[in-house]
Amino acid sequence: FIRSDTEDTKERRKELTNRTKIMADIEEAQRPKECLEDFRRKWFPGLDLIWSSAVDVASDLYYLYTILSLDEDIIAVYVYPLIGVTAISVVLFLLVFFNHCVKAGDPTRDVCCVDPVRRMICPCVGTGTFLSLAEDVLEDIPTIYLTFMIDRHMNGLTQAGILSIALSIFNLVLNAIKMLTPKETVANLRRPLMENT
């Protein structure tokens, strides 16, 4: 029994159609995974700093609430600066959150500039790094000092004070690690992008 050319052609078309359907099914199955990867690539970098900052702010607000609800006479010279530092803490958290939302998906988010003119003006400090530094200098260090001084005046560290100090130190260390982590240069970033296209 010898097959005609038309039967072979029909069988090849059928096989090609089946392969096309299988490939379409595989692509359809991979779409949610790619979507999840895109979501993770866009929103996850920098999320650790946001959570650290959020928990630090929550502990600062809790400590401030605890201190203001006490009946004890606390030196106002410490309480008013604590209110100011807590307000700065909230503002900086909102700026960090806003910066994260604006820069999400930007491939140059953690990139160091190589342009010598820009480097002279702003020595490779991005917005995220600047906000982390501002958090450390304007919020974490003053909070640690003020919490320690207020609790010392009250004859011992309170639980809210220990929590506030611990989370401020954690946020301070995490910000320092992020700031000291080497950043990709623009030249190195462009090379893989050019190769992929």
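Numbers here are sequence positions counted from 1.
Under a hydrophobic clustering in which Ile, Leu, Val, Met, Phe, Trp and Tyr are joined whenever their side-chain heavy atoms come within less than 4.5 Å, directly or via other members, Val55 and Val90 fall into different clusters. Residue Val96 is grouped with residue Val57 when hydrophobic side chains (ILVMFWY) are merged at heavy-atom distances under 4.5 angstrom, including chains of intermediate members. In this structure, Tyr145 is a member of the same hydrophobic cluster as Leu82, with clusters built from ILVMFWY side-chain heavy atoms closer than 4.5 Å. In the hydrophobic clustering of ILVMFWY residues, with side-chain heavy atoms under 4.5 Å counting as a link, Ile83 and Tyr62 come out apart. Criterion: ILVMFWY side-chain heavy atoms under 4.5 Å apart, direct or through other members. Under it, Phe93 and Leu49 are not part of a common hydrophobic cluster.
At least one donor-acceptor pair under 3.5 Å links the side chain of Ser69 to the backbone N or O of Tyr65. Between the Thr143 side chain and the Glu139 main chain, a donor and an acceptor come within less than 3.5 Å of each other.
Partners of Leu172 by side chain to side chain contact (heavy atoms under 4.5 Å, CB included), not counting sequence neighbours, listed by chain and number: Asp136, Asp140, Ile141. Partners of Ser59 according to the side chain to side chain donor-acceptor pair (under 3.5 Å) rule, which considers only residues two or more places apart in sequence or in another chain, do not exist here. With sequence neighbours excluded, the residues forming a side chain to side chain contact (heavy atoms under 4.5 Å, CB included) with Ile169 are Ile144, Ile165, Val173, listed by chain and number.
Side chain to side chain, Asp60 and Thr86 fail the donor-acceptor criterion of an N or O pair below 3.5 Å.
The shortest distance between side-chain heavy atoms of Leu138 and Val85 does not fall below 4.5 Å. Here the side chains of Leu133 and Asn175 are not in contact, with every heavy-atom distance at 4.5 Å or above.
Rounded to the nearest 0.5 angstrom, Thr147 OG1 and Arg152 CZ are separated by 13.5 Å. Between Asp151 atom CG and Ile162 atom CD1 the span is 8.0 Å, to the nearest 0.5 Å. Atom-to-atom distance recorded for Ser168:OG and Tyr63:OH is 11.0 Å, nearest 0.5 angstrom.
With Glu135 as the fixed residue, the side-chain contact (heavy atoms from CB on, under 4.5 Å) test singles out one of Ile88, Leu95, Leu174, Asn171: Asn171.
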